[in-house]
2 protein chains.
Amino acid sequence: MTATDDESDSVRIPLNRDRVLGAAVSIADSDGIDAVTMRRVGQELGVEAMSLYNHVANKDDLLDGMVETIVDEVIEMVATQDPPETPDDWKRAARDRILSAREVMLAHPWAPAVIETRTDMTPELVRYFDGLLGILLAGGMTFDLGHHAMHALGSRALGFSQRLFVPDDAHESSGSEVREMEIEFPNLAGMLTAVSHDGGEPVLGWCDDQTEFTFGLDLILDGLDLLRAAATR
Amino acid sequence: MTATDDESDSVRIPLNRDRVLGAAVSIADSDGIDAVTMRRVGQELGVEAMSLYNHVANKDDLLDGMVETIVDEVIEMVATQDPPETPDDWKRAARDRILSAREVMLAHPWAPAVIETRTDMTPELVRYFDGLLGILLAGGMTFDLGHHAMHALGSRALGFSQRLFVPDDAHESSGSEVREMEIEFPNLAGMLTAVSHDGGEPVLGWCDDQTEFTFGLDLILDGLDLLRAAATR
DNA sequence: ACCTGAACACCGTTCAAGT
DNA sequence: ACCTGAACACCGTTCAAGT
């Protein structure tokens with residue numbers, strides 16, 4: 001073995017799976033998931049697209065790996081958090097975990113959609129859910145209630161929920177459009193004018209995502225806590 | 001105008017937007033959303049792919065139209081249902097509406113994923129949400145609570161929720177794998193053995209989707225009802 | 001063992017040409 | 001006004017060939 005064979009001395013860093021996944025994640029972060037093509041990932045690494053196939057099986061495997069990377073980030077972030085100290089502390093612990101996951105998802109806006117398309121659970125995903133379920137069980141939930149709880153949380157467990165009211169930024173609502181909306185959609189029109197007093201403009205898309213996320217999360221956690229208390233009492 | 005110019009007498013049905021959307025929906029229903037390509041839709045209609053551009057602006061517009069079609073189906077189904085008779089009846093009415101939407105989504109399994117990718121609200125989607133919000137308001141919710149409620153329901157309002165525990169049908173869990181899982185994922189392993197007594201096998205994917213959906217839905221509706229009652233009391 | 005170049009079978013979409 | 005054929009710029013992926 002010569003000095004030039006030593007990896008640490010070599011100038012060109014050898015390609016490996018992690019570097020491929022890292023490049024893909026960074027492209028998705030900056031340019032969106034559609035920009036993640038095999039050719040583009042290769043280009044980012046100074047290599048032809050075909051070389052990637054030595055480190056990932058195919059595009060699907062690349063996407064699996066990207067999810068893996070993001071969930072690892074969540075797991076690492078969550079590892080430092082306090083476990084529930086008493087059974088009654090379960091809600092706080094679950095809430096902290098889920099809000100941390102949400103922070104990671106906000107940093108990788110493409111991740112939720114990709115996670116949803118994955119047909120297989122990655123081991124990292126299973127590990128995260130196992131930890132969250134552990135908190136529910138520590139709160140005194142039965143296996144059965146814990147199971148229902150995981151389903152009820154759904155994707156909220158990972159810090160995201162699909163928002164159907166998407167902001168329509170380009171849409172400036174003129175006076176006549178508002179009038180028109182009042183006739184066709186009276187309830188939404190009323191809601192928009194009633195709730196938009198606090199600094200926002202009367203358009204769809206004015207909602208505070210963080211507020212709405214925690215409202216929905218607490219609604220579910222509070223409901224689960226009632227069921228838990230009823231069963232353990 | 002001659003007899004052959006008359007549309008009703010003509011043997012070849014003229015192409016139009018609705019026929020294009022109908023063909024696309026039927027392809028997606030039978031072969032999945034990935035099978036919906038411009039060439040395939042054209043083929044189904046006995047026409048070249050390029051002809052479709054006379055009736056839809058592009059692929060994105062085609063997908064918008066497909067969503068339009070499915071949401072119309074929901075709206076039609078929901079039109080026959082009883083509105084809430086008393087304020088206290090709001091929960092029943094909302095529940096019925098959402099479970100009807102769910103039936104439509106189950107008939108078009110590709111629809112939820114496509115709906116989530118749409119950036120703009122279609123008018124049909126707005127109409128559906130306006131109707132649902134109307135039920136909440138009829139129950140005596142404030143605009144503010146109604147607004148939170150719509151967000152808390154999220155995609156459940158349209159009858160679907162993203163299931164993160166996807167069934168892994170191909171995965172037969174051998175004895176050694178179960179043993180391995182018990183070490184790495186003790187909580188999930190415990191849950192699976194505890195809850196799977198009722199006829200199912202101890203694998204991910206044994207869950208009754210309908211049961212879990214209604215559990216989560218009722219959890220949210222019950223929580224909202226408490227908030228509503230507290231505010232109107 | 002890893003990387004490359006050329007090629008293949010697909011996409012969505014354009015454009016000039018037909019009727 | 002509507003449809004077509006050929007073409008273009010992209011995809012993911014294969015395969016034989018290089019080192």
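Note that these values count all heavy atoms, side chains included, but never hydrogens, waters or copies made by symmetry.
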note = Reading nucleotides 7-19 of chain C from 5' to 3' and marking B where a protein heavy atom lies under 4.0 Å of the base, S where only the sugar-phosphate is that close, and - otherwise, the string is B---BBBB-----
query = Can you check whether B/S51 has a side-chain N or O nearer than 4.0 Å to OP1 or OP2 of D/dC2?
reply = no
Value in whole Å for how far the [atom2] atom of [N] lies from [atom1] of [X]:
| X | N | atom1 | atom2 | answer |
| --- | --- | --- | --- | --- |
| A/E48 | C/dT4 | CD | C1' | 6 Å |
| A/Q43 | C/dT4 | CD | P | 13 Å |
| B/L52 | D/dT4 | CG | C1' | 12 Å |
| B/L45 | D/dC2 | CG | C1' | 14 Å |

What heavy-atom pair brings [X] and [Y] nearest, and what distance separates the two atoms?
| X | Y | result |
| --- | --- | --- |
| B/V71 | B/Y128 | CG1-CB, 4.4 Å |
| A/M66 | A/A28 | CE-CB, 3.8 Å |
| A/F129 | A/A157 | CE2-CB, 3.8 Å |

Residues 18-25 of chain A side chain polar contacts: donor-acceptor under 3.5 Å, at least two apart:
from	atom 1	to	atom 2	distance (Å)
A/R19	NH1	A/I13	O	3.1
A/R19	NH1	A/P14	O	3.4

query = With distance as the sole criterion, is a donor-acceptor pair present between the side chains of B/S155 and B/E116 under 3.5 Å?
reply = no
task = Dump the intermediate steps for side-chain hydrogen bond (donor to acceptor under 3.5 Å, both in side chains) on A/H55 and A/N16, then the final yes or no.
result = CA-CA 6 Å; A/H55 305 100; A/N16 58 39; over 6 Å; no
key: Strand DNA chain D in bracket notation, Watson-Crick/G-U under 3.5 Å with | for pairs to another chain   = ||.|||||...|||||.||
Salt bridge (Lys or Arg N to Asp or Glu O under 4.0 Å) between B/D61 and B/R17, worked out = CA-CA 11 Å; B/D61 186 38; B/R17 189 168 214 266; 2.7 Å; yes
inquiry  = Here's a test for you: under side chain to side chain donor-acceptor pair (under 3.5 Å), which of B/E76, B/Q81, B/E73 qualifies with B/S100?
reply    = B/Q81
